[in-house]
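Notes follow the structure.
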Amino acid sequence: MPELPDVEAVRCDLQRSLVGATVRAAQCADARLARPGSPSAFARVLVGRTFEQVVRRGKWLRLDLDDGARVFSHLGMTGGWRQVAIDAPPLRFERARIDVGRHGRASSLRYVDSRRFGRLIAGRKDIADWMALGPDPLVEGIDDRRLFEAFAKRRRAVKEILMDQRVIAGVGNILATEALWVARIDPRSPGNALLPVHARAIAKAIQRAIAREFANRSRKGDGPADSFYVYGRAGKPCPRCGARLSSVDLGGRTSAFCRRCQILRRR
DNA sequence: CGGCATGTTGCGCA
DNA sequence: TTGCGCAACATGCC
């Protein structure tokens, strides 16, 4: 359920169901999710407090409470929040719950995560992972110059640099794959082979890829949309030029791309 | 059974 | 200190 557009949709949902709600009970049953931190801190920090806002940066969510406490939530690969009735039985793969009351009505938020790659950390100050995030395309926007400089000092593949959360927050395998196709740049191109004009094209392409995923989402339900330009479509025709799409492994992640219209830059 | 998956971390090495 | 390359994490699904 990851990638920036998905997390932004979760932020909107949580914002709607949580702001002004007071926590009656909370529990995080999984120590793995709490790192760094302890699962027992979860209830101690939350109970009795009222949610004020839900903020997102990259793939991280921060739930702010009225006394300065905060909860960080990263959905990993398979995490998600569900709002259910207060007396609903545990969901499949439920790892944590927050029971709240608002306007006299009780409900329960459940965190589900089959693979447990997600994180759930309650505390009183920002965590290092949050502070290390680079600019978010929707919050601060992408600075072309900064992006160019991030490329210029690395020789690894441009796609791997794009997925570094310190460079741009929220770009994952799907967005990086899609954006490089839009920008017509081969994902294997070394970062230090790119020019400022390429950084500008990639910045615009990321915004376009995000907009497209929002459009996909509004037509469909939850989960990843499958109407991508090239992600997951290796072997099929390029939607732009018709050539057969290729596949390459970069940093352990699969990338689909078009050898004909995505140009490989070299130094 | 084998292979793949929207993400991040930790380790050894240069 | 920074960058690089990988294995590892845990589980579902095809």
Side-chain angles (χ1 to χ4, degrees), chain A residues 1-11 29-37 56-61 72-81 91-96 111-121 127-134 136-137 149-181 187-194 206 209-210 212-217 220-235 247-256 267:
Chain A
M1 186 91 211
E3 300 257 338
L4 188 154
D6 307 296
V7 183
E8 175 61 15
V10 173
R11 189 197 69 77
D30 198 313
R32 197 185 146 69
L33 293 175
R35 79 227 121 100
R56 180 196 59 76
R57 277 173 53 79
K59 303 168 197 172
W60 279 96
L61 293 166
F72 292 89
S73 169
H74 192 296
L75 305 176
M77 210 85 115
T78 53
W81 289 95
L91 305 176
R92 193 172 184 217
F93 305 124
E94 182 179 306
R95 311 296 186 189
Y111 178 70
V112 292
D113 188 349
S114 64
R115 290 174 75 178
R116 286 186 285 178
F117 284 180
R119 313 267 294 276
L120 194 57
I121 299 146
I127 59 173
D129 288 315
W130 170 272
M131 291 189 291
L133 292 171
D136 180 285
E149 282 159 10
F151 289 151
K153 68 178 181 188
R154 289 172 240 225
R155 78 175 66 172
R156 67 164 40 183
V158 58
K159 175 160 172 285
E160 296 178 72
I161 300 171
L162 282 181
M163 290 193 296
D164 184 336
Q165 300 302 296
R166 296 168 302 183
V167 175
I168 300 176
V171 176
N173 202 24
I174 295 177
L175 280 180
T177 297
E178 295 286 279
L180 288 169
W181 180 84
R188 300 169 296 175
S189 304
N192 60 6
L194 300 183
I206 289 169
I210 289 170
R212 178 172 166 97
E213 285 203 36
F214 277 126
N216 287 343
R217 293 193 58 91
K220 314 183 71 135
D222 278 354
D226 60 4
S227 44
F228 300 116
Y229 294 119
V230 295
Y231 176 81
R233 307 184 68 83
S247 179
V248 66
D249 188 281
L250 293 172
R253 319 303 296 277
T254 302
S255 303
R267 324 192 57 218

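Protein chains get the first letters and strands the later ones, always in sequence-line order, with residue 1 at the start of each.
Counting any heavy atom pair closer than 4.0 Å across all strands shown, A/Arg155 reaches sugar-phosphate atoms only and no base atom. At the heavy-atom level, A/Arg92 lies under 4.0 Å from the strands shown only through sugar-phosphate atoms.
Remark: the separation of the C1' atoms in C/dC4 and B/dT6 is 24 Å, to the nearest Å. Distance check on atom P: C/dA7 versus B/dG3 gives 15 Å, rounded to whole Å.
The CG atom of A/Asp164 sits 8 Å away from the P atom of C/dG3 (whole-angstrom rounding). For the pair A/Leu91 CG and C/dT11 P, the interatomic distance rounds to 17 Å; values are reported in whole Å. The distance from atom CG of A/Asp6 to atom P of B/dG7 is 9 Å, rounded to the nearest whole Å. Nucleotide C/dA10 holds its C1' atom 11 Å from the CG atom of A/Leu33, rounded to whole Å. The CG atom of A/Asp249 sits 12 Å away from the C1' atom of B/dC4 (whole-angstrom rounding). Nucleotide B/dT8 holds its C1' atom 13 Å from the CG atom of A/Asn173, rounded to whole Å. One atom, CZ of A/Phe117, and another, P of B/dT9, lie 12 Å apart when rounded to the nearest Å. In this structure, A/Glu160 places its CD atom 14 Å from P of B/dG7, rounding to the nearest Å.
Distances were taken from every side-chain heavy atom of A/Lys153 (C-beta onward) to each of C/dG3, C/dA10, B/dG7; the shortest belongs to C/dG3. Of the candidate nucleotides B/dA5, B/dT8, B/dT6, B/dT8 has the atom lying nearest to any side-chain atom of A/Arg119. Comparing B/dA5, C/dG3, B/dT9 by their nearest atom to the side chain of A/Met77 picks out B/dA5. Distance from the side chain of A/Phe93 is smallest for C/dG12 among the nucleotides C/dG12, B/dT6, C/dG3. Residue A/Arg156 places its side chain closer to C/dG5 than to any other of B/dG7, C/dG5, C/dT11.
Remark: A/Arg253 is in phosphate contact with B/dG7, judged by side-chain N or O atoms under 4.0 Å from OP1 or OP2. The phosphate of B/dG7 has neither OP1 nor OP2 within less than 4.0 Å of any side-chain N or O from A/Gln165. For B/dG7, neither phosphate oxygen OP1 nor OP2 lies less than 4.0 angstrom from any side-chain nitrogen or oxygen of A/His74. At the phosphate of C/dA10, neither OP1 nor OP2 sits under 4.0 Å from any side-chain N or O atom of A/Ser114. Side-chain nitrogen and oxygen atoms of A/Lys59 include at least one within less than 4.0 Å of the OP1 or OP2 phosphate oxygen of B/dG7. Checking the phosphate oxygens (OP1, OP2) of B/dA5, no side-chain nitrogen or oxygen of A/Arg115 falls inside 4.0 Å.
You'll find the side chain of A/Trp60 reaches within 4.5 Å of the side chain of A/Asp129, heavy atoms only. When side chains are defined from C-beta on, A/Tyr111 does not count as touching A/Glu94, because their heavy atoms never get closer than 4.5 Å. No side-chain heavy atom of A/Leu162 sits less than 4.5 Å from a side-chain heavy atom of A/Val167.
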Stepwise, does the salt bridge (charged side-chain N to carboxylate O under 4.0 Å, His left out) test hold for A/Lys59 with A/Asp6?
-> CA-CA 9 Å; A/Lys59 303 168 197 172; A/Asp6 307 296; over 6 Å; no
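Judged by Watson-Crick or G-U wobble contacts below 3.5 Å, the nucleotide C/dT1 has no partner. Across all strands shown, B/dT6 has no partner, as no Watson-Crick or G-U wobble contact with both distances under 3.5 Å is found. Base-pair partner of C/dA10: not found among the strands shown (Watson-Crick or G-U wobble, both distances under 3.5 Å).
Shown here for A/Arg116 and A/Arg32, the closest heavy-atom pair between the two residues is O-NE, 3.1 Å. Between A/Lys159 and A/Thr254 the shortest heavy-atom distance is NZ-O, 4.1 Å.
No hydrogens or angles were tested; on distance alone, nothing pairs the side chain of A/Arg32 with the base of C/dA10 as donor and acceptor under 3.5 Å.
Each of A/Arg166 and A/Gly251 has a nearest nucleotide on DNA chain C; the 5'-most of these lies closest to A/Arg166.
Annotation: cation-pi pair A/Arg119/A/Phe72 absent, no NZ/CZ under 6.0 Å from the ring centroid and within 45° of its normal.
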